[in-house]
Amino acid sequence: MELSDLEKIRVEKLLKLRQQGIEPYPTRAHPTHTAAQAIQEFEAMKQNAQNGGDLLPVRATLAGRIRSIRTMGKITFAHIEDGSGRIQLFLRVNELGEAQLEFFNEYFDLGDFIEAEGVLFRTRTGEITLHVFAFRMLAKAISPLPAAKDEVVDGQVVRHAALTDPETRYRQRYADLAVNPEVRDVFRKRAAIVRAIREFLDARGFLEVETPILQPIYGGAAARPFITHHNQLKQDLYLRISFELYLKRLLVGGLERVYEIGRDFRNEGVSFKHNPEFTQLEYYWAYADYEKVMSLTEEMLAYICDTVLGTRVIQFDGHTIDLNPPWRRLSLRQGLIEAVGIDITEYPTTESLAAAMRARNLPVKPDAPRGKLIDGLLGDYLEPNLIQPTFLYDYPRDISPLAKNKPGDPSTVERFEGFIGGMELCNAFTELNDPLEQEKRFLEMGRAYEEEDEERHPMDEDYLRAMSYGMPPNGGFGMGIDRLVMLLTDRRTIREVILFPHLREREED
RNA sequence: GGGCGUGUAGCUCAAUGGUAGAGCAGUGGCCUUUUAAGCCAUUGGUUCAGGGUUCGAGCCCCUGCACGCUCACCA
């Protein structure tokens, strides 16, 4: 470890502490309160006194990281921070003696963890503060944290010289979290969102399960997989790209409502809304269809908003978005008529659709099948404008090999995607449960992608066997948790809601 | 993968091709209810890396690396 001058000074302090028989990394800490609890208890005591009760001193031992030090001769003020927030320390020569105060000034730096025992009081400026009688080093920090000073002006937090460089923030997330409290809030909120999803589904009889991440055959989505290898079995394995095919096997087995929250891996480009590994929710619901799933989606999002945010009206990327049910429901056909003026039912073949697109000066990707063209139109001209919650429903069959046909319309399947803030958030369908039809679809997909090879759905014979035992009709649902967290925390990139987002490996320097 | 941009002190940022700077942090002082404390003094640099042009490069040119934006890709 290469040390800077600043770090060398701190290491010297550390060594001097040890020479004096003081352990700079003691094994145990004994806080009696968090910062927030201490403040709360002090205010409660004041309240009690106002109501005629006795005014007793409130003692507390606090533990936290030193965030500021202001030395003024015979007194020193400092702020410490723990998980509950910040609180001020007041160290005075009267109580501590000159030697102890000098010891603090000499050996304690910003970023160190300290334990301080004392009595709470209110300073002249009105701040509830711990008047310290004794203190102890809990952990010496050698490296200075990236400076982040903030002040509160008229209730607004004004940040000075905060750590902002995105690369440092993501590579050293620990430092980012340590100095940027709002980053911690994002991940607390993320945890609350996931918890709310579990509560919601558990309450409705869904069973949380875990299925393989290492899979001999990948499937359930159109994406390129990561490949890995099991040495002893001498077997190539894929990191899953979705949970779908395993979860639906469970419906065959009589687990009628199942869900999984976990990581998917897709070996594709990264962008503001794509990370190579991302967290997905999928559920499958026997005897339901895509309309029931749509309604449950509205309910679930409303529940998450109520639980986590306390409001169903959110701000995202400068938009005010209303998540109250019901959401707008728009058929993909109607949506495209409005967006590009093309009624896809009038162009049932790839050739005719491509011609219609060219006639409107829309770019046509060569060799794309009809479904891909439609999907492209959707992504380019429709999705960016779907700011308010919108269900787009009824998708082309040829890009939806696991979804069930719409009765009476062989080219369309019962599938919907939910969009919010111009982003696809979820994807769901009435699941195909006809094993012979499913086999046909797999074969069709195999043909369509024969040349590209990478995105095609490999035939999963075991999945077909499962289905051939009889799979109840069901509705399935998938949602990107990361994107949901983006929406609910108003973060514009997926990297802001993933603790350790994937970054290119840095050359050793 | 393409285009555009960025990379300078621990952090945030300056510097016309001509001696690399400021604020904060650090270090040494003064100061007993302060709060971005203040005041005085002071340390700190492989200017992302490697080449090139030039009397002279943080700045111009080339190559590479990383990050950001964007396009492509992507359920």
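Within every chain, numbering begins at 1; the chains are lettered A, B, ... in the order of the sequence lines, protein sequences first and strands thereafter.
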Short side-chain donor-acceptor distance under 3.5 Å, A:Lys404 and A:Tyr290 | no
Closest to side chain of A:Glu424, choosing from B:A75, B:U27, B:G68 = B:A75
What distance, rounded to whole Å, do you find between the two C1' atoms, one in B:A57 and one in B:A49?
-> 16 Å
Looking across every strand, which nucleic acid part, if any, lies under 4.0 Å from A:Lys8 by heavy atom: base, sugar-phosphate, or nothing?
-> nothing
C1'-based separation of B:C67 from B:G26 [nearest Å] = 28 Å
Nearest-Å distance once atom P is located in both B:U43 and B:G28 | 14 Å
B:U32, B:A66, B:C74: which one has an atom nearest the side-chain heavy atoms of A:His274?
-> B:C74
Could one point to a donor on the side chain of A:Asp375 or the base of B:A75 with an acceptor on the other under 3.5 Å away?
-> no
Which one, B:G68, B:C73, B:U33, comes nearest to the side chain of A:Arg224?
-> B:C73
Step by step, work out the side chain to side chain donor-acceptor pair (under 3.5 Å) result for A:Arg495 and A:Asn275.
-> CA-CA 8 Å; A:Arg495 289 178 165 186; A:Asn275 195 61; 5.1 Å; no
Out of B:G26, B:A75, B:U32, which nucleotide sits closest to the side chain of A:Arg92?
-> B:U32
Does a side-chain N or O from A:Lys372 land closer than 4.0 Å to OP1 or OP2 of B:A75, or not?
-> yes
Report the residues that fulfil side chain to side chain contact (heavy atoms under 4.5 Å, CB included) with A:Gln20, sequence neighbours left out, ordered by chain and then residue number.
-> A:Lys16, A:Ile22, A:Phe103, A:Tyr107
Can A:Arg65 and A:Glu81 be counted as an ion pair, charged N to O under 4.0 angstrom?
-> no
A:Lys273 side-chain N/O to B:C73 phosphate OP1/OP2 under 4.0 Å | no
Contact under 4.0 Å: A:Arg70 side-chain N or O vs B:A37 OP1/OP2 | yes
What integer number of Å spans the P atoms of B:C65 and B:G21?
-> 33 Å
Checking B:C67, B:A75, B:C31 against the side chain of A:Thr71 (C-beta onward), the nearest is B:C31
Which is true for A:Phe272 with a 4.0 Å heavy-atom rule: it touches a base, it touches only sugar-phosphate, or it touches nothing?
-> nothing
Any donor-acceptor N/O pair under 3.5 Å between B:U34 base and A:Gln88 side chain | yes
